[in-house]
Every structure is written in structure tokens, then in C-alpha cells.
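So the structure is just underneath, and the comments pick up after that.
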Amino acid sequence: MKAAGRSKRTRLRDRVAASDPGLLRLTAGLRTVGAIALALAVLAAFDADVTHLVAGAMAAMVATFAIREKEPKGQAVTLALGLPVALASVSISALLTSRVVIGDAFFVVLIFCAVFVRRFGDRGTALGLIGFQVYFVSLFVGAKVSVLPGLLGAIAVAFLCSAVVRFAVVPETPAGVLQRLRQAFRARLAQLIATQSELLDAGPDGIEKTLEHLRDGTARLHETALMIQSRLEEGTPDASTARLVQRRIADAEIAAERLGLLLLTARSAERADTLTLHLPGAPAPSVGHSPAPGEATEILRRDLGALRTLVLRPPAEARGTALSHLRNRLLGYRDEENLPEAIPAVQDVFRGIGETARAVMGLRIALDGPQDESDDTPATTRSREELDAEDAAIDGGEETAPKDEPTGLRRPTTRAAVQVSVGSSLAILGGELLSAERWYWAVLACWIVFLNTASTGEILVKGYRRVLGTMLGVVAGIVLAGLVGGHTWIAFGLVLLFIFAMFYTAPLSYTLMSFFVTAMLGLLYTLLHTYSLSVLLLRVEETALGAACGIVAAALVLPIRTDRRTNELLGTVLERLTDVTEGAVDQLSGGPAADLLDTARELDQALGDLRAATQPLTHPITPLRARRNTAQYVVALLETCAYHARSLAATAELLPAHPSIAADPRLRGAVRRTVRNIEAIAARVADEDAETEVETGPSIASLLAPDAAGVPRYGRITGRVLRHLERLDEAVMGLARPLGVPVAPPKR
């Protein structure tokens, strides 16, 4: 019974870890709700009135969510600096409440400064956010000089409660977050393997759905890998350990994605296109019956289940002959003599299982330390020796030189500060025409649509989502206000529930977050005895006005067009793709070792920025369907390119320590055309008038001439490298058409 209960808890933990990597959303929600609940309890113990309770609750929320630094020491310093900023903000607001013009002018200056200081990193962003939001809180509760001492005390209590919850009740360290992210990676890897096993039995009617799950699982695994990479420096004891974990995470991700492609190829009549895993809505390859009816299919199904068990088994339960038997059997598929009798495509799947098992073992060693070696077979021992040799070759890497930052109005923070100040000024003027008492809602909406946006299109989409969520929240607020009535603590309980939901859903859906914010504010209005249907309808009007002012300011004041931003980011992706490809092939050709892992991570980060910037173009409401399809196709092709480039980099990193991989100088010549084509596309993206064209020619594999003595042209490892180069070359050629780059005829 105990074992069954533990198994259920483990499965539940894995599901939660996979849905919320690192438990970052859960932690944010619990911290915020805990800080608010504690602040309410302390203020209630001092018989504070409802106004002070509301002010304390909102200040506790601000003090908790504004701070985003990773180290506890830095969080404490920022929280300590934020208190005087908050006290000064509410004091100035109370003093200027009767001086409308001066108060409005100061609010605009405060908004400019709050955005301008983002250039100073997480601390500057947090202090600017605290200053703005607490000023807004003072306007919301109608702060006056007569009640200022009580408000200052409530805000001080709120910050103190936020500190207690942050550092004592719900503590969070970089090492702890990294550990939870590792668990999330394992859980998502296991989910992806489970989805891959479904390919074995998916028929023509179910292949589309299975393939969609496969795409989602692959994307979620990559997302978790990037989250881990962003936390490695703070969560590991030294740079060498960070590089080791990064390497093992990359190995496991690449091996799992390759296994999915091999399974898909085994189910189709021809080799599966890598793009199938990256392009939403791409047609599934034609499939018939299982790839290898009978014994081979059963072995595949069994071994995919065994692989999933290896991934999920906790370190405390990882010992024993049964698990060793599974591991040894899967690693044995790395040797040709251990492959079952089957068609070549199915044998490739078994090889992929063996390579994935090796990556899983390397990941387990990197994350959990040395493993039990008592039952190792020769194949397992050889895999361990390879991993040990690779680990010894990993060093701290080289420090990267600081990059030049733009200055003046070209600096993003300066441009955004000017834009949001102009938009807020318009929102103040328009908001006061709608309501002299609640004009600040328009300013808040204008402020929020500028957060984490960098182009006019992004602001337009965010404004639309804000208005939609607000409208839905108004309906919920009307219903809840009628149900709650004068029940103060029931209303506060619902407020806490909505705040938790707001933070838990914020990374998933901005519309949902806006819904919970508006529903919560309806309850706060009820508590302040200022609720009415006209007030909630006014909130919709003010929100729409503020969003419109933000869009107008973004479009007319120092605008960054969506096309311009996406082109800049596309150029960066192509540049990083060139760096990774050239660096990997140069090393595989016998060149000096390079820091390929960091270069590949920069490629992934650049691609992530591009994917986010194209959201306005790919949004379902966009009327430009052809443009949306083109943007999705280009991003999918780039993701395909990035996958093959990462695979090349991972193979090149093995070169110094892997006994079965040898440098092949011919590879350097085989990749030249691909690199020239990438550079030609990048030049055309940077300048539409550039006279560039991409070149076609013979396949990459055919560029390696056979040996005069009849020796095979290349071995299995070189063949895999050539397949990646071939797919990369095809994907780059595919980019030329949607980006308008002409194709030159093949040279004789």
C-alpha cells in the first residue's frame, strides 16, 4: 500500500512538474497570496478599517510580484529599497490630490522614470514598478493627507509581510529552482517518449492528433531546456558543473527529438521531413500499418516503456538488478550485433533508443551523481567510459566580451519611456473626460500594454487581450458583487483566490489574467462601498481608452514596426545559425575546439525572441492570413535549422573524447554552399534591394568523393553529420522562397 501511495504521489508530482516547470507559477501565486493574507491578518489585528486593508493588500501584492531577482540577497536589498520608494510615492500622491494639474504632471514624470530605470536591470525595473503601482494604489483608495499616517503604516506592514513570506514561508533559492526544473525536464521527457510510443499504433485517422501531441511535447521539452540553461549559472557551484549539466540536457533533448523523427520515418513510406515536427498544421506523412508487425513492434513498444522508466525512476529507487537489466538492454542497441531483425528504418529506431538511453544515463549521472555499476555489461561500460571522457573534456569555457549597447533614443528603455509617457498623457486627458474620479484606469491600461512589448503589433495584440479580459471580468464582477454583498471576509477570500489565479495563469494567457484582475477589482469596489454597474462599465471604457492611447503612442512616437523588429531578429537568428554551423563543421573537420554549447544557446535565445515577436503576425484574429502562414512557415523552418545545428554542435563536442568519431576534413568544403546561402538570405533581410541569390547544387553527401582504394566514403557518424547538413541545406533553401530571395541555377 505504501509503495502504491508513493507511486501515485510520484506520478502526481511529475504531472505538476511538467505542467509548471520549476513550479515557478505556483510559487509566484502562493507567495503573493501568502503576503496579502498575512498583511490582512496583521492589519485586522490592529483594527484597521477597510480602506487600509485594501491598501495593505494591494501594496503586499506589488511588493511581492515586482521583485524578479534570482538571488535571495539581491531580493532583500531591492525589497529594502522599495519601501522608501513606496512611502514617498504614496506621500506625494496624497499631497497632490487637490492639485490636479501638478498631480497629473508628476504622474507622467513618474511613469517616464519608472520605465527609464529598466536599463539598470531587475532592480531598476522593480523599483520603477513599485513607484508606479503604489502611486496607483493611493489613487484607487483616495489617499488624503489626513489619512496618510495610517496608509504609510499599512504599506510598511505590507512590505514586512512580503519579506516574511518570501524568505521564511515560501523560500526560493536558485539551486532549488534549478532542481525543480530538472524534475520538470525529466517529466516532460517521459511524456514525450510516451507520445512517441503512440506513433506505433496510430492509424490514418489518429496520426494527425498524435503528431500534434508530438509537436507540443517536443516544444515543451525545448522550453524547459531553455529555462534550465537560464538558471545554470546561479544554481550550480561552478562553471564546469554548469557546462556539464547544460551538455547533458542538450544531449537528452536532441536524442529524444531524433528518436521521434526515426519513429515517424518508420511509419511513413519515405524519410520524414524534420519540418513536420515544427510546423503547426503540417500534414502528417501517409501511414499504413505498424512499422514492423509482430515481434519487432512488441519489442519496440516494450523498449520505449523501459526508456520512459529509466527517465522517471527517482534516484532513491534507481538501484537494483531490474533497472540495470533495462538499461543494459537499451544501451546494447548501440552495437550493430544486438539489433533485432527488422527493416532498416526500424533498426534505426532501435539505434535511436540506444542513443537516447545513453543520453539519459549521462543526464542521470550529471544530475544525481555516480550510479551503481555492479551489473554493467560491456556495452554499458563503454558508454560510461565515453561519458567520463566527455566530462573530463568539459571546462569552464571562455568569458564573452560585453556587447555594445545602443545609446540615446535608440536605447529600448529610453524609447519606451518616451512612448509610454506620451500615451499616458493622452490617457490622462481622455480619462478625465470620461471620469474625473477614476481616470487613472486609463493610465494603468496604457502602462500595462507597454510591459514586455517591443513593437506596435505586440502592443496592439496585448491591448486587444486586455480589453477582452476586462469585459469578461466585468460580467463576473457584477455577478460576484451581487452574491457577496456586505460579507467583507468572504470578499477578501475571493480576492485571494483571484489573485492566485491571476499569477498562475499570467504566463499562459494574458486574457485570463485580465479577467481575474477585473473580477478582483469588482470585489474591492464592493468592499470600499463604491461598487455599481456604472463603475464597472466605466472600467471597460477607461481600459479601452488606455489601450488605444498606448497603441497610438506606439504607432506615432518613435515607432518600432513589427516588420522592422522581426527583420532585425531574423537577421540575428541567421547570424547565430551561421556561427553554430561553421563552428561545428570546422571542429568536425579537424579545427580547434570551440565553445559550441554557448553558441547554440545564443541561437535558441535569438529564435525564442523571434518567435515572440511574430505573435502579432500569427495571432488568430489577424486578417492577413497569407502573412500569418508565411510567418509560421519561416519560424518552423528556422526551428528545423536550429535542431540540425544543435545536433551538429553536440556531435562536434564529442570529437575530443569519443573513440568512434574522427575528424573528416572534407566536411568543411561540403558546408560552404549552405553558409553562403544563409549569408545571402541575411543580406536580403537586412536590405530588400540587395542583389543576392541562393545557390542550388548536388546533395551534400555527393560532395564527399569516394576513396580511390574503394574504402567507404564515410562511416556511420559522418553519415549522421551529413544527414544533418543535408536537412539544414534543404531548410535554408526553403527559406529563400517566402523571404523573396531568388534562386540561382546550379553551376556546372
Side-chain angles (χ1 to χ4, degrees), residues 401 403-412 414-416 419 453-460 554-583 585 599 602-618 622 624 626-642 644-645 671-697 728-747:
K403 298 179 181 179
D404 295 333
E405 293 288 343
T407 58
L409 292 177
R410 294 189 300 113
R411 187 190 290 265
T414 305
R415 179 189 295 110
Q419 287 179 325
T453 54
S455 70
T456 306
E458 292 178 63
I459 292 171
L460 178 62
L556 300 180
V557 181
L558 305 175
I560 294 293
R561 307 295 182 192
T562 303
D563 287 348
R564 174 184 165 189
R565 174 162 172 76
T566 53
N567 283 345
E568 290 176 353
L569 294 174
L570 176 57
T572 302
V573 171
L574 293 172
E575 180 182 346
R576 299 290 180 268
L577 179 62
T578 301
D579 294 340
V580 177
T581 304
E582 281 191 314
V585 173
T599 308
E602 290 176 358
L603 169 61
D604 287 332
Q605 290 172 341
L607 185 53
D609 292 340
L610 176 64
R611 192 183 302 109
T614 57
Q615 285 183 358
L617 303 177
T618 59
T622 179
L624 306 175
R627 192 180 182 191
R628 182 184 68 177
N629 294 337
T630 298
Q632 288 179 330
Y633 182 66
V634 168
V635 171
L637 278 172
L638 289 171
E639 288 176 343
T640 291
C641 292
H644 291 295
V671 80
R672 286 175 184 166
R673 185 184 70 210
T674 303
V675 171
R676 286 197 301 268
N677 286 342
I678 298 174
E679 293 173 343
I681 294 173
R684 185 60 175 261
V685 169
D687 182 6
E688 294 183 357
D689 297 327
E691 296 182 359
T692 61
E693 55 186 14
V694 296
E695 304 174 12
T696 60
L728 178 61
D729 186 64
E730 292 171 357
V732 170
M733 290 298 300
L735 283 170
R737 181 181 58 79
L739 296 178
V741 183
V743 179
K747 297 179 179 179

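On a predicted model such as this, the values are computed, not experimentally measured, just so you know.
Side-chain contact between Val741 and Val685: absent, with no pair of heavy atoms (C-beta onward) separated by less than 4.5 Å.
Closest approach of Gly734 to Tyr633, counting heavy atoms only: O-CE2, 4.0 Å. Across all their heavy atoms, Arg684 and Pro742 have their closest contact at NH1-CD, 3.3 Å. Closest of all the heavy-atom pairs between Pro738 and Thr630 is CB-CG2, 3.9 Å. For the residue pair Ala606 and Arg576, the shortest heavy atom distance occurs at CB-CG, 4.2 Å. Nearest heavy atom pair, residue Val694 against residue Ala736, reads CG2-CB, 3.8 Å. When every heavy atom of Leu637 is checked against every heavy atom of Ala731, the shortest pair comes out as CD2-O, 4.0 Å.
Each of Arg737, Glu695, Met733 was evaluated against Val743; a single residue qualifies, Met733, per the side-chain contact (heavy atoms from CB on, under 4.5 Å) test.
Judged purely by atom type and a 3.5 angstrom limit, Gln419 uses its side chain to pair as donor or acceptor with the backbone of Val557. The main-chain N or O of Thr578 is never found under 3.5 Å from a side-chain atom of Thr581 such that the two would form a donor-acceptor pair. In this structure a side-chain-to-backbone donor-acceptor pair under 3.5 Å is missing from Arg611 to Val635.
With sequence neighbours left out, the side-chain hydrogen bond (donor to acceptor under 3.5 Å, both in side chains) criterion links Asp604 to Arg646. Considering only residues two or more places apart in sequence or on other chains, Val732 meets the side chain to side chain contact (heavy atoms under 4.5 Å, CB included) condition with Cys641, Thr674, Asn677, Ile678, Ile681, Leu728.
Summarising the geometry, atom CD belonging to Glu582 is positioned 6.0 Å from atom CD belonging to Glu679; distances are rounded to the nearest 0.5 Å. Atoms CG and CZ, from Leu610 and Arg565 in turn, are 9.0 Å apart once rounded to the nearest 0.5 Å. Atoms OG1 and CG, from Thr614 and Leu569 in turn, are 9.0 Å apart once rounded to the nearest 0.5 Å.
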Exercise. Output, in order, the C-alpha distance, side-chain angles, deciding distance and verdict of side-chain contact (heavy atoms from CB on, under 4.5 Å) for Leu603 and Asp579.
Key: CA-CA 9 Å; Leu603 169 61; Asp579 294 340; over 6 Å; no
